[in-house]
Amino acid sequence: PRFARSTVRESAEARYWRSYRFPLLVTNSAAVTHIEFSQTVPHEFAVTCGTRVQIYDPVSNEVSKTVSRFKETVYSGTFRRDGRLLAACVGKQVSVVNMSTRTILRQLRGHEALATCVRFNESAGQLVSGSNDRTVRVWDVATEQEVSVLRGHEDYVLGLAGMPAAHSSSDSTAGGAQSQYLWASVSADRTCRLWDLRAPPDRAQMVLKHDRRLVRAALFTEDARLLCTGGEGGLVRVWDLMAGGRVQTDLVAHQKDVTALQLHKDPSSGRTRLLSAGLDHHVKVYDMSSHRVAHTIKYPSQIMSFALSPAGSHLVVGMADGLLSIRQRTSPEESEAEFDGFGFSAEKRRGRPRPGSYRYLIRAPKDIGDDDDVDTVDGGRTRKKPNLTAYEAMLRKFRYAEALDAALQTRQPRIIFAVLQELARRNRGMQIALSGRDPERLMPVLNWAIDQVTNPRYADMVTHVTHELLDIYAKIMGRSPQVDDLFQRLRERIESELRFEQELVALQGSLEMVCVCVCA
């Protein structure tokens, strides 16, 4: 049966956001808690996940650097404007890292509880950090000294935002100049407090009370006239600071907590949009003039953080289950060329008449069929079925265990990794594929893990698979000598790799001392 073509036309807003195509999904072992782009070309982006901060190259969308010299969970990895320094919260302290050498230059100690967020106050050469000790602290990066302690919050400080400098012409979230003195902090005490660093540190200049319990994110508009906050219950509230902190509007589009906010200014049209992400798996795009939702993007898991590149070319989203989604925007010309690469030219797509139309009835003989078509008895035409591999066919049928077995039979690490990555992206796909295996079907998985655990390209996936296997089969260990032997070999291989990495770190430290002595 044929259905009538939809009369609803896709809006220009929807076409713009749908141009962020072909998401690349990367699996991590921990939740992605923060994402931030560098303001210097080529606009690398830092992904904070677990005990490390990974730096991605926006051209290849692959990890170019990894800062992993931390022993505790890292939060809020943020770049300085020039991209040469990176600050991150590690336990109760704030660490400053030199991006060229990946060495820790400063360790700012003073917080009495977990530090949760940090931002550069670049015009004053300072850092501003918030913590679970209910304080906001200002640090001098050069002297490593604490400048002031801002007190007033009654619960955990969860986010910070610097007010853009007056008459700044660039986007506040895309690297615009910040005011040296005016800052906003949000907390779990249902308030957003505005601070003037020149005033006494025990008194906020303005206290904005949120209706919900948690306030997770804050953001100033480009002209510093409005302040946006988001938090529990999916509420995004817009405050008019020029009117004394009056509520301008409430945007309630999310079904669960809002976790991140960002402004985006389209370079071509100059229009500004507010974006919010939440635990309901959605990113919402708001029109700031009408305060309405202009577009919605859905993701497979709860969103913890997201970021748009300054040039608007990349949309990167981090999720609670460790998934990292990288979408890259393509121009209409690139989309046309990409489609042509699959063998369907623009002329061919526009020239073929639609079946059932008048043009289809009077079509010329050259339009009746092609070499790659198959004629049926009733005169219609159907495409040849694509030649799918065994694992692709099993994935289409949602037979995850058989798909993994077929990939393992190829003995090609790249294919096995791709199938595992697809299973991790699907809901409980990895768990279903690894469960219910007898020793004969479990041994190939362990052999692959042993072979690839030292390969940097697949090490994260091997870690994820090993954790799943231990969770599933820990209670029945000891029943199969062959499986126990493979688990023991995997453990010895991991311990050997850890010892090797420790030796490399020691060697790197020695080389750095030699370089310092030579330069001196």
Side-chain angles (χ1 to χ4, degrees), residues 75-76 78 87 89 92-94 108-166 168 172 176-221 223-232 235-248 261:
Y75 294 97
S76 189
T78 179
C89 298
K92 298 180 182 180
Q93 67 186 22
V94 177
L108 310 177
R109 297 180 175 90
H111 282 296
E112 300 174 359
L114 179 70
T116 56
C117 50
V118 63
R119 293 290 182 272
F120 276 97
N121 186 8
E122 300 181 28
S123 56
Q126 298 174 339
L127 277 172
V128 182
S129 62
S131 167
N132 286 353
D133 63 4
R134 308 176 184 179
T135 65
V136 176
R137 297 176 188 256
V138 183
W139 311 86
D140 187 280
V141 178
T143 62
E144 212 169 340
Q145 297 296 317
E146 186 178 272
V147 177
S148 62
V149 182
L150 310 179
R151 305 182 186 275
H153 282 296
E154 300 176 358
D155 211 331
Y156 300 159
V157 178
L158 302 177
L160 295 167
M163 179 178 288
S168 171
S172 64
Q178 291 181 337
S179 172
Q180 181 176 351
Y181 304 108
L182 302 178
W183 285 78
S185 61
V186 294
S187 168
D189 62 1
R190 298 186 300 177
T191 65
C192 174
R193 296 175 185 263
L194 271 65
W195 308 91
D196 189 337
L197 302 186
R198 299 165 293 186
D202 56 347
R203 182 172 61 87
Q205 300 302 304
M206 191 179 296
V207 180
L208 309 176
K209 295 185 179 180
H210 223 265
D211 291 341
R212 312 288 178 168
R213 191 177 75 86
L214 288 175
V215 188
R216 295 177 179 269
L219 179 69
F220 287 98
T221 56
D223 55 4
R225 189 178 67 87
L226 301 178
L227 173 68
C228 305
T229 58
E232 190 175 18
L235 174 64
V236 176
R237 176 160 287 179
V238 182
W239 310 83
D240 191 341
L241 300 181
M242 298 296 103
R246 178 178 59 85
V247 178
Q248 186 182 78
L261 297 172

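All heavy atoms count here, side chains included; hydrogens, waters and symmetry mates do not. Throughout, residue positions are numbered sequentially from 1 according to the sequence presented.
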- Message: Within the structure provided, determine whether Leu226 and Phe220 are in side-chain contact (heavy-atom separation under 4.5 Å).
- Response: no

- Decide whether His210 and Thr191 meet the rule of one side-chain donor and one side-chain acceptor closer than 3.5 Å. no

- Non-hydrogen atoms of Trp139 and Val147 that approach each other most closely: C-CG2, 3.9 Å

- Item | From NZ (Lys92) to CD (Glu112), nearest 0.5 Å | 8.0 Å

- Task: Give, for atom OG1 of Thr78 and atom CZ of Arg119, the distance between the pair rounded to the nearest 0.5 Å.
- Result: 5.0 Å

- Kindly indicate whether the side chain of Ser129, heavy atoms from C-beta on, has any atom under 4.5 Å from the side chain of Val136. no

- Query: What are the two closest non-hydrogen atoms of His111 and Ser131, and how far apart are they?
  - Reply: ND1-CB, 3.1 Å

- For the atom pair CG (Leu227) and SG (Cys192), what is the distance rounded to the nearest 0.5 Å? 4.5 Å

- Query: Say you draw a straight line from CG of Leu197 to CG of Leu182; how long is it, rounded to the nearest 0.5 Å?
  - Reply: 7.5 Å

- Message: Looking only at side-chain N and O atoms, does Arg216 offer a donor or acceptor that is under 3.5 Å from a partner on Thr229?
- Response: no

- In a check of side-chain contact (heavy atoms from CB on, under 4.5 Å) between Leu241 and each of Met206, Arg246, Arg225, which one passes? Met206

- Qualifying residue for side-chain contact (heavy atoms from CB on, under 4.5 Å) with Leu127, from Asn121, Val138, Leu108: Leu108

- Are the side chains of Val128 and Arg137 in touch, meaning some heavy atoms are under 4.5 Å apart? no

- Item | Full working for side chain to side chain contact (heavy atoms under 4.5 Å, CB included) between His153 and Ser185 | CA-CA 9 Å; His153 282 296; Ser185 61; 2.7 Å; yes

- Query: Would you say the side chain of Pro201 lies within less than 4.5 Å of the side chain of Val149, judging by non-hydrogen atoms?
  - Reply: no

- Query: Which heavy atom of Val157 sits nearest a heavy atom of Thr116, and at what distance?
  - Reply: O-OG1, 2.6 Å

- Query: Do Trp183 and Asp196 have side chains that get closer than 4.5 Å, going by heavy atoms?
  - Reply: no

